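Here is the structure we will look at, set down as C-alpha cells.
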Amino acid sequence: MDLFDTLIADEPAFALAGLINDGKFMQSDYPAHIHQDAKGIVIDLPDGRLYYAPQYFDSIHSDEILDSLLACKGIDHTTHDWHQEGEINELPFKNIRWQHDSVSMFGKTHPLPRLSAWYGDNDRPYTYSGITLQPKAWNTVLLGLREALVPICKREFNSVLLNWYRSGEDHISWHTDAEPELGENPLIASVNFGASRRFLLRRRDNHSIKLEISLQHGSVLVMAGALQHHWQHSVPKQKKVKENRVNLTFRTIHI
Ligand SMILES: O=C(O)CCC(=O)C(=O)O
Ligand SMILES: [Fe+2]
C-alpha cells in the first residue's frame, strides 16, 4: 500500500471525526461514535438512536440520482422555476410521477409546501398528514437506493415516500412518523439529494430539547428505536436556499 492509498482510506473517517467532539455529536450533549462501516456515525439520544452518513453516496452518483429523480421532458430542472408550475401532476416526468397534494383543515384545502410521490411493493394506500397516497410500482432508481440501504438497515423496505423541496420556501412542519402501519418502533431511512437543508429534532415533552443536523447531498439518516414516540422532526424554511432538494424516506408498512 502506498501513501496515496492510505490517504484515500482515511478520508471518510477523518470527515466523520469532525462531527464528533469529545465523544459527543457536534455541539450537543449526546454521545456519538463512528459506525463500524466507517461511513457514518451513531448518535444516542434519550429514547432513540440515529445513524448519519454525510456521504453515503459519492457526489458523482448523487448528481446522477438527483438528475433522474427530477428529469422532465423539455425542462432543465436546475434552472426551472417550479413554484410557477400550476399542473405538476400533468408534467412529463421521466422517472417519478410527482404530485402536488393538498390537506384539508377546518373545511379548507391547503396545498402542501412541497411536492411528493409514494412508491411501494403493494397497492395498500398509506395515510400521511391526513392525506391518502396510492403507491406506484418501484422503478430502477428507487430499487437501487433500496438495495444500497441493506448493509446499514439489514432489511429491504417495502415503500418509500419522496418529498421534493423546490427551494428553501418548501418545508415540512413538526411531526412524528408514528402511524400504526409503521409498527411499534419504526426504522426509517432518509436519503438526501440536492441542497443541504436543516433537519431539526425536538422532544415531544419538552420542545426546548433540540438537535440539528445538516442533511447534505448524498447523505443517509436512519431514525431508530423509540425515536418516533419521543421526538418530533421538521425541515424548516430557509429563504436563502434556491436549489432543489429531494428527500426519500424508506419505510416498512405492515399490513
Ligand atoms: O425531508 C426530510 O428530511 C424529512 C421528511 C419527513 O420527515 C417525512 O417525509 O416524514
Ligand atoms: Fe417525517
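This one's a predicted model, so the numbers in the text were calculated from it and none came from an experiment. Note that ligands are numbered from 1 as they come in the structure, with each ligand's atoms numbered from 1 the same way.
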**Asked** Are the ring centres of Trp138 and Phe157 closer than 6.0 Å?
**Response** no
**Pair Phe199 and His233, ring centroids less than 6.0 Å apart** = yes
**Prompt:** Side chain, backbone, both or neither: which part of Leu161 comes within less than 4.0 Å of ligand 1 when only heavy atoms are counted?
**Reply:** side chain
**Request:** Output the atom name for the N/O/S atom of His233 with the smallest distance to the Fe ion (ligand 2).
**Result:** NE2
**Prompt:** Which atom, among the N/O/S set of Asp177, is closest to the Fe ion (ligand 2)?
**Reply:** OD2
Does [X] come within less than 4.0 Å of ligand 1, judged by its heavy atoms?
X      : result
Arg251 : yes
Arg197 : no
Arg245 : yes

**Asked** Between Ser190 and ligand 1, does any nitrogen or oxygen pair lie at a separation below 3.5 Å?
**Response** no
**Asked** Can you find an N or O of His233 that's nearer than 3.5 Å to an N or O of ligand 1?
**Response** yes
**Prompt:** Which of parallel (below 30°), tilted (30 to 60°) and perpendicular (above 60°) describes Phe193 and Phe57?
**Reply:** tilted
**Prompt:** Is any side-chain heavy atom of Asn247 closer than 4.5 Å to a side-chain heavy atom of Val235?
**Reply:** no
**Fill in**
Here the pair of heavy atoms bringing Asn139 nearest to Asn95 is ND2-O, 2.9 Å
**Prompt:** Between the side chains of His100 and Glu87, is a donor N or O closer than 3.5 angstrom to an acceptor N or O?
**Reply:** no
**Message:** Gln232 and side-chain hydrogen bond (donor to acceptor under 3.5 Å, both in side chains): which single residue from Arg202, Arg203, Arg204 fits?
**Reply:** Arg202
**Request:** Mark up the atoms of ligand 1 that fall under 4.0 Å of a heavy atom belonging to Thr249, in ascending order.
**Result:** 9 (O)
